[in-house]
Amino acid sequence: MSYYNEMFEGDSVRDPYARLREWVETMPDDFRQMKQAEAEALFRRIGITFAVYGEGGDPDRLIPFDMMPRVFEQAEWRKLERGIKQRARALNAFLRDVYGRGEIVRAGRIPGRLVYQNEAYEKSVVGVVPPRGVYSHIIGIDLVRTAKDEFYVLEDNCRTPSGVSYMLENREIMMRMFPQLFRNNRIEPVDQYPDLLRRTLESVAPAKCSDRPTCVILTPGHFNSAYYEHSFLANLMGVELVEGQDLFVDGEFVYMRTTTGPKRVDVIYRRIDDPYLDPLCFRPDSMLGIPGLMDVYRSGGVSICSAPGAGVADDKAIYTFVPEMIRFYLGEEPILNNVQTWTLWKDDDYRYVMEHLPELVVKEVHGSGGYGMLVGPKSTKEEIETFRLKIQANPSNYIAQPTLALSTCPTFVDEGIAPRHVDLRPYCLCGDRIELVPGGLTRVALRDGSLVVNSSQGGGVKDTWVLSE
């Protein structure tokens with residue numbers, strides 16, 4: 001399989017990377033190793049880690065950082081931006097619909113059982129319309145590239161997409177280590193993201209809020225794999241980072257315990273999953289949520305971002321219908337295409353996948369983090385047959401996709417510089433307007449030949465540049 005190299009076109013360096021070639025070729029090995037060690041020291045000093053559980057040892061790992069940036073031309077980014085915003089509008093329109101009249105199901109465009117029997121569909125919020133009709137306020141859309149002008153959406157993340165702290169810290173560290181690069185290149189900034197996020201949260205304050213909204217970030221606590229990001233964003237936005245025990249319900253509102261007494265909270269940017277939000281509504285054994293929160297939410301006393309139930313829009317089975325959502329709600333053709341996907345609850349798709357299992361990537365419908373998946377061409381016969389039995393036991397729990405020829409970017413490795421596969425997660429903010437900063441989180445599969453970019457599976461991160469015109 002041939003792979004598109006984003007830096008080279010034949011023997012020539014593509015324009016976006018032209019000014020990086022000399023920087024790469026003239027960098028001595030000992031200087032590169034010194035700078036790589038400096039970057040790792042900065043990440044460790046700042047505390048940028050992620051957690052991996054169940055593998056023994058210290059669960060907190062330092063995420064690998066690659067100093068070679070990924071670069072997009074302005075024209076490339078404009079197309080991605082239009083496609084991402086289009087997709088965000090359609091996903092929120094779908095959520096408004098399925099928690100309301102369900103017109104897309106009535107029209108036969110999406111099977112009702114995929115929506116209403118979905119474990120992410122929250123019956124407790126049927127008929128509840130959040131402020132501005134926005135259900136998913138921070139959407140992380142994972143993109144892959146297969147050719148110069150070919151981008152595909154791999155999946156949507158409509159609940160609590162993580163990784164934006166890496167996007168911001170990657171840029172900060174690169175600017176600190178290589179200021180001359182930024183003087184020599186016209187690179188769009190990303191450091192306005194925290195301000196845009198706070199403005200987005202404030203724009204969806206509930207109708208009962210009469211003053212400037214008080215926003216908080218609700219975290220499960222420091223044992224969560226993304227806790228660094230929760231505290232990082234709270235600090236940059238100038239809002240409180242709270243746990244469930246810091247909040248309580250009194251009458252029609254939610255309050256935060258402070259040293260000067262209770263303070264009313266208007267907007268909760270939650271980083272905990274739906275089942276743990278309110279033990280009176282969801283899991284009664286949850287110690288992470290706030291008893292009575294959902295009653296206040298339903299009565300319009302507080303906004304929860306993203307809204308409970310938003311996860312039904314990013315289910316991997318629902319993903320296959322997003323192009324149809326765009327046509328149905330917006331009357332437009334998709335700007336960004338889906339990856340071809342086989343849904344195994346369909347008999348024909350099931351037969352095809354079982355016959356071609358060694359050639360395909362198979363994923364659990366509710367899986368994440370690179371777990372619960374089979375990469376056929378990279379798996380042994382034993383692994384394939386073991387996975388076959390899992391599929392046979394519950395076909396509707398899986399989807400399958402072709403093994404994509406993910407593009408590669410030059411990456412610093414032990415032996416020098418080599419191509420490694422990458423994807424991209426931009427972060428789209430949805431409030432009174434839809435916005436995203438020019439860039440995103442580029443994840444890189446550091447293992448030679450690997451197509452799995454997740455940090456929990458050995459992936460690293462890069463700074464993502466969008467060049468100004």
Side-chain angles (χ1 to χ4, degrees), residues 92 95-96 98-100 102 115-138 157-162 201-202 204-210 213-227 230 234 239-258 261-315 366 368:
N92 270 300
L95 287 165
R96 284 193 298 273
V98 297
Y99 285 109
V115 177
Y116 301 122
Q117 296 177 23
N118 193 306
E119 66 179 41
Y121 186 80
E122 297 293 357
K123 295 181 177 63
S124 61
V125 295
V126 171
V128 178
V129 181
R132 301 187 184 277
V134 178
Y135 286 77
S136 186
H137 304 83
I138 303 97
N157 298 276
C158 296
R159 309 178 210 201
T160 56
S162 61
L201 297 177
E202 291 179 347
V204 294
K208 293 180 181 180
C209 176
S210 58
T214 297
C215 305
V216 299
I217 296 180
L218 175 62
T219 177
H222 68 278
F223 289 112
N224 183 263
S225 61
Y227 181 74
H230 305 166
V239 304
E240 294 294 335
L241 180 68
V242 299
E243 297 182 26
Q245 61 193 1
D246 300 319
L247 304 178
F248 66 94
V249 168
D250 186 7
E252 299 180 350
F253 302 105
V254 177
Y255 295 88
M256 171 173 50
R257 293 181 172 90
T258 75
K263 182 176 182 180
R264 185 175 145 188
V265 172
D266 302 296
V267 182
I268 299 174
Y269 175 22
R270 54 75 172 251
R271 296 299 296 259
I272 69 176
D273 296 335
D274 286 2
Y276 303 96
L277 277 173
D278 181 351
L280 300 182
C281 183
F282 303 119
R283 286 185 55 156
D285 61 343
S286 172
M287 303 295 289
L288 303 176
I290 305 99
L293 173 64
M294 291 302 296
D295 285 338
V296 178
Y297 172 71
R298 285 186 290 240
S299 69
V302 69
S303 293
I304 301 175
C305 304
S306 287
V312 72
D314 66 15
D315 182 282
H366 302 293
S368 63

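Numbering starts at 1 and runs along the sequence shown. These values consider heavy atoms only, across backbone and side chains, with no hydrogens, waters or symmetry-generated copies. All figures in this text were calculated on a predicted structure; none of them were measured in a lab.
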Minimum-distance pair of heavy atoms, taken over all atoms of [X] and [Y]:
X: N224; Y: P220; answer: ND2-CG, 3.7 Å
X: R270; Y: A307; answer: NH2-O, 3.3 Å
X: V125; Y: M294; answer: CG1-CE, 3.5 Å
X: E252; Y: V296; answer: O-CG1, 3.2 Å
X: P206; Y: P131; answer: CA-CG, 4.0 Å
X: E202; Y: P213; answer: O-CG, 3.7 Å

Margin query: Between D273 and R159, does any NZ, NE, NH1 or NH2 come within less than 4.0 Å of an OD or OE carboxylate oxygen?
Written below: no
Check: Hey, which of L241, I272, V265, I304 is the one that makes side-chain contact (heavy atoms from CB on, under 4.5 Å) with L218?
Finding: I272
Distance from [X] atom [atom1] to [Y] atom [atom2], nearest 0.5 Å?
X: T219; Y: R271; atom1: OG1; atom2: CZ; value: 8.0 Å
X: L201; Y: S303; atom1: CG; atom2: OG; value: 9.5 Å
X: I138; Y: N157; atom1: CD1; atom2: CG; value: 12.0 Å
X: I268; Y: L293; atom1: CD1; atom2: CG; value: 5.0 Å
X: D295; Y: I290; atom1: CG; atom2: CD1; value: 12.5 Å
X: S306; Y: N92; atom1: OG; atom2: CG; value: 8.0 Å

So, [X] side chain and [Y] main chain: donor-acceptor pair closer than 3.5 Å or not?
X: T258; Y: K263; value: no
X: R257; Y: Q245; value: yes
X: D278; Y: G289; value: no
X: D266; Y: C209; value: no
X: Y99; Y: G309; value: yes

Notebook entry, point to check: Considering residues at least two apart in sequence or located in another chain, which fulfil the side-chain contact (heavy atoms from CB on, under 4.5 Å) criterion with F253?
Noted result: K208, Y255, R264
Check: With D246, which residues qualify under side-chain contact (heavy atoms from CB on, under 4.5 Å), at least two apart?
Finding: V242, E243
Heavy-atom check, side chain of [X] versus side chain of [Y], under 4.5 Å:
X: D250; Y: P262; result: no
X: C305; Y: V267; result: yes
X: P130; Y: Y297; result: yes

Next item on the list: Could you give me the CA-CA distance, side-chain angles and deciding distance for C158 and Y135, then say whether side-chain contact (heavy atoms from CB on, under 4.5 Å) is met?
Entry: CA-CA 9 Å; C158 296; Y135 286 77; over 6 Å; no
Next item on the list: Indicate whether any N or O donor in one side chain lies under 3.5 Å from an N or O acceptor in the other, for Y276 and R283.
Entry: yes
Item checked: Derivation of the side-chain contact (heavy atoms from CB on, under 4.5 Å) call for Y269 and H137 -> CA-CA 9 Å; Y269 175 22; H137 304 83; over 6 Å; no
